[in-house]
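Within every chain, numbering begins at 1; the chains are lettered A, B, ... in the order of the sequence lines, protein sequences first and strands thereafter.
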There are 2 protein chains.
Amino acid sequence: MARKQGSHAEITGPRLRQAALRLFARHGFAAVSMRQIAAEVGVQAGALYLYTADKQALLFDLMRDHLEDLLADWSPPDAPAERQLESFVRHHIRYHLDRPDLVFIAYMELRNLDPANFAVIERLRRDYEDQLEAILKRGQAQGVFEVPDTKLATLALIAMLTGVTTWYREGGRLDRAAVEDHYWRMACKAVAAAR
Amino acid sequence: MARKQGSHAEITGPRLRQAALRLFARHGFAAVSMRQIAAEVGVQAGALYLYTADKQALLFDLMRDHLEDLLADWSPPDAPAERQLESFVRHHIRYHLDRPDLVFIAYMELRNLDPANFAVIERLRRDYEDQLEAILKRGQAQGVFEVPDTKLATLALIAMLTGVTTWYREGGRLDRAAVEDHYWRMACKAVAAAR
DNA sequence: GTCTATAATAGGATAGAC
DNA sequence: GTCTATCCTATTATAGAC
């Protein structure tokens with residue numbers, strides 16, 4: 001039988017990653033089959049293996065690229081600790097609302113990574129957390145923050161901020177600027193020194 | 001061939017639920033097979049269907065019972081809003097640290113619920129959120145809290161508190177009392193009125 | 001109440017045609 | 001570079017023996 005299409009290396013690769021992203025986010029890595037992904041891309045299942053070593057590599061590449069982007073996309077401004085925190089909070093919210101599917105996968109599919117891949121991803125996540133913890137330590141040393149345990153506070157703040165992805169919907173009651181403002185105010189108060 | 005064991009209805013049912021809980025939490029609902037669960041229970045796969053209608057019912061029952069317990073286990077004390085918030089925070093942390101696997105499943109496996117089951121679970125989750133929001137509204141009206149958007153603040157606080165399950169390990173650097181104290185202090189400050 | 005056996009289907013991945 | 005066809009294994013769930 002004649003094949004349906006010719007060669008589309010440059011376009012099929014990105015489309016594969018996009019389809020995998022969408023389907024993993026909707027249904028979960030384990031629940032999605034290579035056949036489903038292929039159908040979404042518009043090719044046969046066998047053809048996917050021209051663009052990825054296997055299903056695991058598909059997941060790992062999505063997560064690693066996401067976290068590397070997240071890290072590369074922000075660095076602390078040369079400013080007081082409180083301004084650095086504001087910058088971090090606003091960037092975190094913005095970045096996460098822009099990429100709901102990637103964020104979702106990076107938090108939900110850790111269990112489905114091979115041990116070696118898991119170690120890489122955990123390292124990147126730790127690097128990101130360290131950026132926030134450095135701000136908290138600096139503010140604590142300067143007396144503008146009061147954070148008895150900077151590691152706990154870091155994880156608490158990141159969990160609070162990341163939670164925005166579970167409820168925010170475009171066109172809803174609050175726009176992005178308002179959401180950013182509200183989270184920034186709560187985060188700021190949560191770590192503030194008693195006055 | 002002779003069967004290995006006799007009748008164990010009273011014990012196999014609970015063991016099935018416990019095994020499913022453990023495996024779903026470790027590997028995810030979609031990644032776990034009925035054969036794996038049966039092996040953990042110590043029976044053959046076919047025998048599981050004496051205790052559950054299907055795999056979906058296993059997941060749904062775990063989540064529903066968990067959320068119903070969570071709701072039944074707490075009611076606001078007759079006290080000022082700040083004390084009610086403290087009670088909620090401490091109860092939430094305690095309850096979640098006591099049942100890490102159930103909490104994990106209830107947050108991670110929503111995607112794997114049938115639509116009808118999903119609606120039931122979402123209703124229960126909403127009921128729980130409403131309890132916290134009522135406290136925030138009350139404190140806001142009394143002027144002890146300053147929360148421009150009580151719904152957003154509710155979701156932000158719950159996300160922050162629930163995050164404890166992602167890092168807390170028994171026997172680690174901080175004990176439960178210290179963890180409770182730190183989260184309570186952050187939550188309290190985050191919603192406090194400016195003084 | 002649990003067993004073995006099996007139905008019916010779907011899974012990841014590969015081979016070889018074109 | 002994509003196709004069809006297929007290997008091999010695993011899946012959920014059921015049937016019928018004991």
Asker: Which residues pass the salt bridge (charged side-chain N to carboxylate O under 4.0 Å, His left out) test with Arg185(A), not counting sequence neighbours?
Answerer: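 Expected list: none.
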Asker: Separation of His27(A) atom NE2 from dG11(C) atom P, in whole Å?
Answerer: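 Rounding to the nearest Å, NE2 of His27(A) and P of dG11(C) are 12 Å apart.
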Asker: In whole Å, what is the span from the NZ atom of Lys55(A) to the P atom of dT14(C)?
Answerer: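 Between P of dT14(C) and NZ of Lys55(A): 15 Å.
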Asker: Whole-Å distance between dA13(D) P and Tyr51(B) OH?
Answerer: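 That distance rounds to 17 Å.
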Asker: I want to check a possible cation-pi pair here: Arg90(B) against Phe88(B), using under 6.0 Å from ring centre and within 45° of the ring axis as the test.
Answerer: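 The answer is no; the distance or angle limit is not met.
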Asker: Using whole Å, report how far CZ of Arg35(A) lies from P of dT9(C).
Answerer: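 Atom-to-atom, Arg35(A) to dT9(C), this comes out as 14 Å.
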Asker: Taking the six-membered ring of Tyr107(B) as reference, does the NZ or CZ atom of Arg125(B) fall below 6.0 Å from its centre and within a 45° cone about the axis?
Answerer: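 Yes, a cation-pi geometry.
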Asker: Rounded to the nearest angstrom, tell me the gap between atom CE in Met34(A) and atom P in dC8(D).
Answerer: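 In whole Å, dC8(D) P and Met34(A) CE are 20 Å from each other.
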Asker: Mind checking if Val41(A) touches a base, just sugar-phosphate, or nothing, with heavy atoms under 4.0 Å?
Answerer: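 Contact class for Val41(A): none.
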Asker: Let me know the distance between OH of Tyr49(B) and P of dA13(D), rounded to the nearest Å.
Answerer: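 About 4 Å, once rounded to whole Å.
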Asker: Taking 4.0 Å as the cut-off, does a side-chain nitrogen or oxygen of Thr12(A) come that near to OP1 or OP2 on dG1(D)?
Answerer: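 So the side chain of Thr12(A) is outside the cut-off, no N or O lying under 4.0 Å from OP1 or OP2 of dG1(D).
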Asker: How many Å lie between CG on Leu48(B) and P on dT14(D), as a whole number?
Answerer: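 My rounded result for the distance is 12 Å.
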Asker: Starting at the 5' end of DNA chain C and moving along, which residue's nearest nucleotide shows up first, Ala53(A) or Ser33(A)?
Answerer: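 Its nearest nucleotide lies further toward 5', so the answer is Ser33(A).
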Asker: Do Tyr128(A) and His92(A) make the cut of ring centroids closer than 6.0 angstrom?
Answerer: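 When the ring centroids of Tyr128(A) and His92(A) are compared, they turn out to be within the sub-6.0 Å range.
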Asker: Between Gln44(A) and dT4(D), is there a contact of a side-chain N or O with OP1 or OP2 at under 4.0 Å?
Answerer: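 The answer is yes; a side-chain N or O of Gln44(A) sits under 4.0 Å from OP1 or OP2.
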Asker: How long is the line joining CD1 of Ile37(B) and C1' of dA13(D), in whole Å?
Answerer: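 These atoms are roughly 13 Å apart.
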